[in-house]
Structure formats: structure tokens, C-alpha cells
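Reviewing the structure listed below.
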Amino acid sequence: MGYIRTFAPDLLPNPVSDAQFIPRLSIQTVRQFLRKQLEWSFRAATKAGQKLRPTWKRECEQTIYRLAYCILRHKIPQWAIVNLDQTMVQLIPGARLRTYDVRGAKQVALHGKDDKRGFTVVLAIALTGYLLGTQSVWDGKTDDSLPSKGVRQPAEAEGHTFVTNPKNAWSSLLTMKMLFEDNIAPYREKMLAEHGLRDTDDNKMIVIFDCWRIHRSEAFREWLRSTYRWLIYVFIPAGCT
């Protein structure tokens, strides 16, 4: 609308509001205008693809074999097989958006692309399709760095948790411990009760991690082994998530 108002105001009835005029423009008309008049095409900001290790196929096979062995040996039900991963959610999501620019342009500028503000959300889903409560990690030292209580409370009532990391908005050893204490372990207790099972170490549970340094750290793995003797953890090979 800004382009039309500036360079072709005669196309608009006078007076006119954006709400009155925009519905008259079909998607096809807009696309033709962008392509022919502005010489724009739909472009994406690019980045290098992640490289796979030469041994990735063998490593994936070994992961599958280990999962199969653990499931059969310990008779692990589907609800007790949980896949866990995390992703950064940008508050200004410009880096993941596409934009219009001149066809053939070598450099495509994207507003907000370098804005790194955001939080990490940790997602966990069982093989049954049950989505466990999420954990969101925010950069800060106190609860003042979290969303307001009015925003958090409805989500917390559904089992989602909000935590802070004083160094950055990524998961840390402490937040991963909190994830198991506040999300993973309560989920297991709930499922055991629903299926009439006793809470013993013989009722194993598998949690699948991506191959991230915090997950692989000796401190975290030792804590898991000593705290949750019923837990079996498996790592997806690097670069394969």
C-alpha cells in the first residue's frame, strides 16, 4: 500500500483506507506486481548446511540396535520411550523468514536477522504421541526475566515450566536437572499410576537426547545415573537430528 500511495496514487479511490482497498487485490495481482514492476522474487536468507560425519549411517544403525535391545530386554512400553530436544525461539523471528528482493540479488537483507533475543524451549514427546510439559529457559537471574505471572500461570497449570539461566538463554546443567525433576520424573510417576505399576527401578524408561555438549557432559550423565536408576539414556548421533 505504501508503494502504491507513493508512486501510483491515481490507482486508489480518494479517500480510501487500507482495509477497504486490500481485499480488492487478488494474490495473483500482487504477485504479478512484485515480479514485473519491482522485479522481486521470494528469497530466503541462506546458511551453510550441517555436514554429516562419514560414519553417520553406522552410528545411526548402532543407535537403533541399542534401542531395540533395551526395549526388548526390559519390556519397555511405548509411554516410557521419550524423545527430547530443544530449540531456540526468537522473539523477533526475522532470521527464519523469507522476504522479497530483486531477482538475482547476491545479498538479501532481512530486518531482524541479527537479533538474537529469544528463549530455549525443551520439548519431550513419548512414543505414544503424548506431549510432556515443555520447559522454557530465559536469560536472567530472577523471575523478573520470565514472562509475567498472568502469562505463566495458565501454562504452568498444564504442566509447563519456566526457568532462568543467568548466563544465557540456553539450557544448562542446572536447567536440565530441573527438567527431569519437574517434567520427566512426574510424567513417569503419572504413567506408572495410570497403568497400575509399582515405582521400582525395574520399570525402566528410555530418554533419547540429541548429541549436545550439556547432554553428553560427564557431570550430567553421572547425575542421571545416580539420581534415576530406572533411566536409560540414548544419544542420537551428531548432526542427525
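Note that the numbering runs from 1 along the sequence shown for the chain.
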Co-members of the apolar cluster containing Y65 [side chain, <4.5 Å]:
none
Using 0.5 Å steps for rounding, measure from the CG atom of L224 to the NZ atom of K177.
9.5 Å
Can you see which heavy atom on A80 is nearest to which on K204, and at what distance?
CB-O, 3.7 Å
Where is the tightest heavy-atom contact between G118 and A169, given as atom of each residue plus distance?
O-CB, 3.5 Å
Does some side-chain heavy atom of F162 sit less than 4.5 Å from a side-chain heavy atom of K149?
no
When the ring planes of W212 and H215 are compared, do they come out parallel, tilted or perpendicular, using 30° and 60° as the limits?
perpendicular
Trace of the side chain to side chain contact (heavy atoms under 4.5 Å, CB included) decision for N165 with F119
CA-CA 10 Å; N165 180 351; F119 62 95; over 6 Å; no
Linked, directly or transitively: Y130 and W79 (ILVMFWY side chains, under 4.5 Å)
yes
Treating Ile, Leu, Val, Met, Phe, Trp and Tyr as nodes and any side-chain heavy-atom pair under 4.5 angstrom as an edge, say whether M178 and L146 lie in one connected cluster.
no
Check which hydrophobic residues are tied to I71 through side-chain heavy-atom contacts below 4.5 Å, counting indirect links as well, and list them.
L67, I76, I81, L127, I206, I208, I232, V234, I236
Minimal non-hydrogen separation, R53 against E59, with atom names
NH2-OE2, 2.7 Å
Nearest heavy-atom pair of T120 and S171: which atoms, and what distance?
CG2-OG, 3.9 Å
Closest heavy-atom pair and its distance - P237, C60
CG-N, 3.8 Å
If Ile, Leu, Val, Met, Phe, Trp and Tyr residues are connected whenever their side-chain heavy atoms lie under 4.5 Å apart, and connections chain through other members, are V207 and I64 in the same group?
no
Any side-chain heavy-atom pair from M176 and I214 closer than 4.5 angstrom?
yes
How far apart are the closest heavy atoms of S145 and T164, and which atoms are they?
CB-CG2, 4.4 Å
Hey, is the main chain of M191 close enough, under 3.5 Å, to the side chain of H195 for a donor-acceptor pair?
yes
State the CG-CG distance between N168 and D139, to the nearest 0.5 angstrom.
6.5 Å
With side chains defined as the heavy atoms from C-beta onward, is the minimum distance between L132 and N183 less than 4.5 Å?
no
Enter the distance from E61:CD to T63:OG1 here, rounded to the nearest 0.5 Å.
10.0 Å
Is a side-chain donor or acceptor of K75 paired with a backbone partner of L72 at a separation under 3.5 angstrom?
no
Mind telling me whether F209 and Y233 have parallel, tilted or perpendicular rings, with 30° and 60° as the class edges?
perpendicular
Could you walk me through whether T134 and L123 satisfy the side chain to side chain contact (heavy atoms under 4.5 Å, CB included) test, starting with their C-alpha distance in whole Å, then the side-chain angles of each, then the deciding distance to 0.1 Å, before giving a yes or no?
CA-CA 5 Å; T134 62; L123 304 166; 3.4 Å; yes
Does any non-hydrogen side-chain atom of I184 lie less than 4.5 Å from one of L84?
yes
Within the side chain of S226, is there an N or O that forms a donor-acceptor pair under 3.5 Å with the backbone of W223?
yes
May I have all residue pairs that pass salt bridge (charged side-chain N to carboxylate O under 4.0 Å, His left out) and include part of residues 214-224, sequence neighbours excluded?
E218-R221, E218-R225, E222-R225
Does one hydrophobic cluster hold both V163 and L173, with members joined at side-chain heavy-atom distances below 4.5 Å?
no
Could you tell me whether the side chain of W230 reaches within less than 4.5 Å of the side chain of R188, counting heavy atoms only?
yes
May I ask you to decide if F220's main-chain N or O and S217's side chain share a donor-acceptor pair within less than 3.5 Å?
yes
Hydrophobic clusters here meaning ILVMFWY residues chained together by side-chain heavy-atom distances under 4.5 Å, can you tell me if F180 and V82 are in one?
yes
Separation between CD of Q135 and OG1 of T161, rounded to the nearest 0.5 Å
4.5 Å
